[in-house]
2 protein chains.
Amino acid sequence: MAKPSVTSADVARLARVSQSAVSRTFTRGASVSEDTRSKVMVAAKQLGYRPNALARSLISGRSGIIGIAVAYLDNQFYPVVIERLSRALQVEGYHTLLFMTDPGDQDKVVQEILQYQVEGVVMASAHLSSSMAQECADHGIPVVLFNRYVSSTPASSVTSDNIAGGRAVGRFLAQGGHERIAFIAGFELASTSRDREAGFYQGLAEEGMVCHARAVGAYTSMGATDAARELFSRKDKPDAVFVANDHMAFAVMDVLRNDLGLRIPQDVSVVGYDDVPQAAWGAYDLTTVEQPADAMIAATKDILLEQIAAGAVSRRASVLHGELIIRGSARTG
Amino acid sequence: MAKPSVTSADVARLARVSQSAVSRTFTRGASVSEDTRSKVMVAAKQLGYRPNALARSLISGRSGIIGIAVAYLDNQFYPVVIERLSRALQVEGYHTLLFMTDPGDQDKVVQEILQYQVEGVVMASAHLSSSMAQECADHGIPVVLFNRYVSSTPASSVTSDNIAGGRAVGRFLAQGGHERIAFIAGFELASTSRDREAGFYQGLAEEGMVCHARAVGAYTSMGATDAARELFSRKDKPDAVFVANDHMAFAVMDVLRNDLGLRIPQDVSVVGYDDVPQAAWGAYDLTTVEQPADAMIAATKDILLEQIAAGAVSRRASVLHGELIIRGSARTG
DNA sequence: GTGAAAGCGCTAACAA
DNA sequence: TTGTTAGCGCTTTCAC
């Protein structure tokens, strides 16, 4: 049966000090004499005392919890982000309450998050209604949209420069001497996909080219597979394809090589986006645009901590530069 | 500036009922008249009331939080587990507080977890000292070691049958007509690696064979790369290799094909373990042993919920069967 | 079914 | 520096 947990009062009794002395001992930055502190520590150790973070939060108004909502972890980019963001926040004394969302009930999830009195919210690959964002802002809870943005909300955003990235790919493929350059979009409502596409067209245009064909992969492996089949079933097959993220690019490469018997990059060049760890793996060796995960995480952390400290929310948009990483999946001219 | 959040007292005042009536309205299973309930709901909606989960936990003793400690998310198996486990627990009204651990400070992490009054703990790819496990048990907090076990603690464990899986691989490779079958171990102290290896030797022995060579990959890509180079630099190269998990197997395949110019499976067969999503990707098409993630997650959830409900901890060990998934990376005879 | 009252374990004034 | 005193927002007896 559960042992009733030991409270600060128990420790105080044993140490023959007041309960507040115990509290102070466990509150960093409070003034306690060395003598009292050691008496408390001895008693605490003896009883196995551990402060109750929930009770502390209730009175202090600081829960030390950051809520992270994420829709899926298939795309390796998100696990990487969650791992590093969690670690970065842990260093600052925060912990992450993880919420998996389904497309649709996003607001409901945020409602739940807020019940836990989180001090900040990160939405990664997840949507948030404007009214919900406004509600968080009203309560002084900073919200960071990670890897997407919505201009009409008070929520901050951290993204890489998807337009510049797309543009770099457009120019790179055009300069690589390709003649029929195609695009496979992600989820069309996502700002990432839209921006990468817009930048891509711009890059092509700068080299006097236009996009040869286009299909939609919806950021899923299956969607990408279908999109690739569709694009490459035409008689004027593309000789290069820019895929809106790495996760889809892998599926595309598999179809091209295994189903359609095409060689990469001899017959067709493939470029992705994200630079997830697998992009560097030998079997894909994917040319791609890096999303600067570490910088994006640092920016997210900074926005959160700053606005938590200020007790006020303001909309910030951090747009970080990512390099084109040239590997072997695309011809260079 | 932060709006002071609205409390049940505010709602009560507006609805002209007592504060306890509001509490009852938001506590499922409490008896409130339909009339009162609707008055409360109207007022709550109007004020944007949201119960404070922390205050509720403090008095009720049920936080609704399950702590998950995990060491790294590189191996795709763990993101998959975290995603599905989170979803499964969310359905039951629980949320997951995520802790990234470093090898070493594991107990410290658990201490932090416990401060949040979690109702259960899952340790995935993370260690836990016996004394810490005992302490959790004393407090009635169930602990599940996910994908590993330690016999000498009160912590429960959920694993797949790694011995049977390893054995299946041993027999499969022996029957496939291979003559020099090697093994690349994971982290040698991990029960998964040890069991897979033991089962593997047993399977080989049943077919009258022994392991030709062995190296250690430590469950990292880099370790696996080195291990593969080491095994295949000898003059009597293996013609088959069982790698202790898929994550390493991908790195091994990359080395074999790209650095050493070997064909898979013609020159060398490769078998992994886990059946992570990428194993099915065309570029690897990896023969592997499935870890039955859904069953393992269901077992984890059951153990947690059951022991939480009982208010008592007992050690349970769930060992689940996983199939050998035959794909194209290994010859079949 | 409802309200009044008593805390859950802790922090944060305040006075000493 | 220390102890005393109020609560934080909620659930849960307990009478009514």
Side-chain angles (χ1 to χ4, degrees), chain A residues 2-41 43-44 47-65 93 114-119 139-140, chain B residues 2-41 43-44 47-65 93 114-119 139-140:
Chain A
K3 214 192 268 182
S5 62
V6 4
T7 73
S8 56
D10 299 330
V11 176
R13 209 170 303 124
L14 181 62
R16 299 184 173 286
V17 296
S18 74
Q19 182 270 334
S20 15
V22 178
S23 171
R24 288 192 187 98
T25 305
F26 285 91
T27 308
R28 52 154 238 119
S31 65
V32 210
S33 71
E34 202 40 65
D35 185 43
T36 307
R37 147 169 262 110
S38 66
K39 274 195 294 191
V40 169
M41 291 309 276
L47 297 174
Y49 171 70
R50 203 180 303 110
N52 182 326
L54 267 31
R56 164 179 300 184
S57 306
L58 187 59
I59 177 71
S60 71
R62 311 191 350 89
S63 66
I65 302 177
L114 292 179
Q115 295 194 4
Y116 280 92
Q117 313 304 112
V118 297
E119 297 186 51
H139 288 272
Chain B
K3 210 192 273 182
S5 61
V6 6
T7 72
S8 57
D10 299 330
V11 176
R13 208 170 302 124
L14 181 63
R16 300 181 172 288
V17 296
S18 73
Q19 182 270 337
S20 9
V22 177
S23 171
R24 290 194 187 96
T25 305
F26 285 91
T27 308
R28 53 154 237 118
S31 67
V32 209
S33 71
E34 202 40 65
D35 185 43
T36 308
R37 147 169 261 109
S38 67
K39 275 195 293 190
V40 169
M41 291 309 276
L47 296 174
Y49 170 72
R50 202 179 303 107
N52 182 326
L54 267 32
R56 165 178 297 182
S57 306
L58 188 58
I59 177 71
S60 70
R62 311 193 347 93
S63 66
I65 302 177
L114 292 180
Q115 294 194 4
Y116 280 92
Q117 314 302 114
V118 298
E119 297 186 52
H139 288 273

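The sequence lines fix the lettering, A, B, ..., with proteins before strands; numbering per chain opens at 1.
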Could you tell me whether Ser20(A) contacts a base, only the sugar-phosphate backbone, or nothing, with contacts defined as non-hydrogen atoms closer than 4.0 Å? base
For residues Phe26(B) and Arg56(B), report the shortest heavy-atom separation together with the two atoms involved. O-NH2, 3.3 Å
Heavy-atom pair of closest approach, residues Leu54(B) and Ser63(A): CD2-CB, 4.0 Å
Which is it for Met41(B) and Thr25(B) under the side-chain contact (heavy atoms from CB on, under 4.5 Å) test, yes or no, and what are the steps along the way? CA-CA 8 Å; Met41(B) 291 309 276; Thr25(B) 305; 3.8 Å; yes
Using a 4.0 Å heavy-atom cut-off, does Ser23(B) contact any base of the nucleic acid, only the sugar-phosphate backbone, or nothing at all? base
Between residues 47-62 of chain B and DNA chain C, which residues have a heavy-atom gap below 4.0 Å? Leu58(B), Ile59(B)
Could you check how far CZ of Arg16(B) sits from C1' of dG3(C), rounded to whole Å? 16 Å
How long is the straight-line distance from CZ of Arg50(A) back to CD of Gln117(B), given to the nearest 0.5 Å? 8.0 Å
Rounded at 0.5 Å granularity, tell me how far CZ in Arg16(B) sits from NZ in Lys39(B). 9.5 Å
Between CG of Asp10(A) and C1' of dC8(C) the distance, given in whole Å, is 13 Å
Hey, is the main chain of Ala30(B) close enough, under 3.5 Å, to the side chain of Arg24(B) for a donor-acceptor pair? no
Just do the side-chain contact (heavy atoms from CB on, under 4.5 Å) check on Asp10(B) and Tyr49(B) with the steps written out, would you? CA-CA 9 Å; Asp10(B) 299 330; Tyr49(B) 170 72; over 6 Å; no
Between CG of Asn52(B) and OG of Ser8(B), what distance do you get to the nearest 0.5 Å? 9.5 Å
Both Val6(A) and Ser18(B) contact DNA chain C. Which one's nearest nucleotide lies toward the 5' end? Ser18(B)
Would you say the base of dG1(C) and the side-chain of Arg37(B) have a donor-acceptor pair closer than 3.5 Å? no
Quantify the bending of the helix from dG1(C)-dC16(D) to dA16(C)-dT1(D) as the angle between its end axes, each fitted on five pairs, to 10°. 30°
Would you indicate what Val22(A) reaches in the nucleic acid, counting non-hydrogen atoms under 4.0 angstrom: base, sugar-phosphate, or nothing? nothing
Ser5(B) side, atom OG; Leu114(A) side, atom CG - distance, nearest 0.5 Å: 10.5 Å
Please report the distance, rounded to the nearest Å, between CZ in Arg24(A) and P in dA12(C). 10 Å
Give me the first and last nucleotide of DNA chain D, going 5' to 3', that has any atom under 4.0 Å from a heavy atom of chain B. dG9(D) to dT13(D)
Would you say the side-chain atoms of Thr36(A) and Ser33(A) include a donor-acceptor pair closer than 3.5 Å? yes
Distance in Å, Tyr116(B) OH paired with Ser57(A) OG, rounded so as to fall on 0.5 Å steps: 6.0 Å
